[in-house]
Undergrad: 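Sharing a structure below in C-alpha cells format, with a few things to ask.
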Amino acid sequence: MAKECLCQANEIVVFPCSGGSNCGQIANQVAVDLTEDGVGTIFCLAGIGAHIPGMIESAKSAKRIVAIDGCSVECAKKTLEHAGLTITDYIDITKEGIAKTKNFKLSQQDILFVVKRTKQELAKER
Ligand code: SF4
C-alpha cells in the first residue's frame, strides 16, 4: 500500500504547532475548526519537520500557508521556514493576549477568538 498523507494541499493550508500547552492545543483546535468551516485544510507540521518530499511539494502548491503558533518560540514558523516554505499568514496566540499554561481544559472563547483572528488575516490580500 502506498504511504500517502491524507492532508492534500488545497488553496489554503493551515499548520498549527499543536504544542504541549493550552496555547499549542488551541492552535490545533483552531486549525481543525477552520478545516471544518471549509476555510482551509489542516496540514501535518510533523511531516514537514520530517522533510517528507511529497508533503513539502504539496504544501508549496498552496496559495496561502498559514502558521499558528501557541507562543513566541515559533515552532511552526521555524519548521516551515526550515523546509523552505513561505508563510503568508501568521498567528502567535500569546501575542493575541492568551497566556500560555498547562491547563488543557481549553476555553471555547479563546478558540473562537483565534479562529476569528485567523479569518481576519486571511481576509487580507497577499
Ligand atoms: S510554539 Fe510554543 S506552544 Fe507551540 S510547540 Fe512551540 S513551544 Fe510549544
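First listed ligand is number 1; within each ligand, the first listed atom is number 1. Because the structure is a prediction, the values reported are computed rather than measured. We use all heavy atoms of the structure for the numbers below, so side chains are in, but hydrogens, waters and symmetry mates are not.
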Undergrad: For residues Ile48 and Val66: do they belong to one hydrophobic cluster (side chain heavy atoms under 4.5 Å, members Ile, Leu, Val, Met, Phe, Trp, Tyr)?
TA: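 Unlinked, Ile48 and Val66 end up in two clusters.
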Undergrad: Suppose the cut-off is 2.8 Å; which protein N/O/S atoms would you list for atom 2 (Fe) of ligand 1?
TA: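 Listed by chain and number: Cys71 SG.
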Undergrad: For Ser72, give me all partners under side-chain hydrogen bond (donor to acceptor under 3.5 Å, both in side chains), at least two apart in sequence or on another chain.
TA: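 For Ser72, the residues satisfying side-chain hydrogen bond (donor to acceptor under 3.5 Å, both in side chains) (neighbours in sequence not counted) are Asp92.
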Undergrad: With a cut-off of 3.5 Å and sequence neighbours excluded, list every side-chain donor-acceptor pair involving residues 73-87.
TA:
| unit_1 | atom_1 | unit_2 | atom_2 | d |
| --- | --- | --- | --- | --- |
| Lys78 | NZ | Val73 | O | 2.9 |
| Thr79 | OG1 | Cys75 | O | 2.7 |
| His82 | ND1 | His51 | NE2 | 3.3 |

Undergrad: Please confirm whether the backbone N or O of Leu122 pairs with a side-chain atom of Arg64, one donor and one acceptor, at under 3.5 Å?
TA: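 Present.
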Undergrad: Using atom types as modelled, flag every donor-acceptor pair under 3.5 Å from a side chain in residues 18-35 to any protein atom, sequence neighbours excluded.
TA:
| unit_1 | atom_1 | unit_2 | atom_2 | d |
| --- | --- | --- | --- | --- |
| Ser18 | OG | Asn28 | OD1 | 2.8 |
| Ser21 | OG | Cys23 | N | 3.4 |
| Ser21 | OG | Gly24 | N | 3.0 |
| Asn22 | OD1 | Thr101 | N | 2.6 |
| Asn22 | ND2 | Ala99 | O | 2.9 |
| Asn22 | ND2 | Thr101 | OG1 | 3.4 |
| Gln25 | NE2 | Ser18 | O | 3.2 |
| Gln25 | NE2 | Gly19 | O | 2.9 |
| Gln29 | NE2 | Asp33 | OD1 | 2.9 |
| Thr35 | OG1 | Ala31 | O | 2.8 |
| Thr35 | OG1 | Ile42 | N | 2.8 |

Undergrad: Minimum heavy-atom separation for Lys119 to Val39, with atom names?
TA: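 Minimum heavy-atom separation between Lys119 and Val39: CE-CG2, 3.7 Å.
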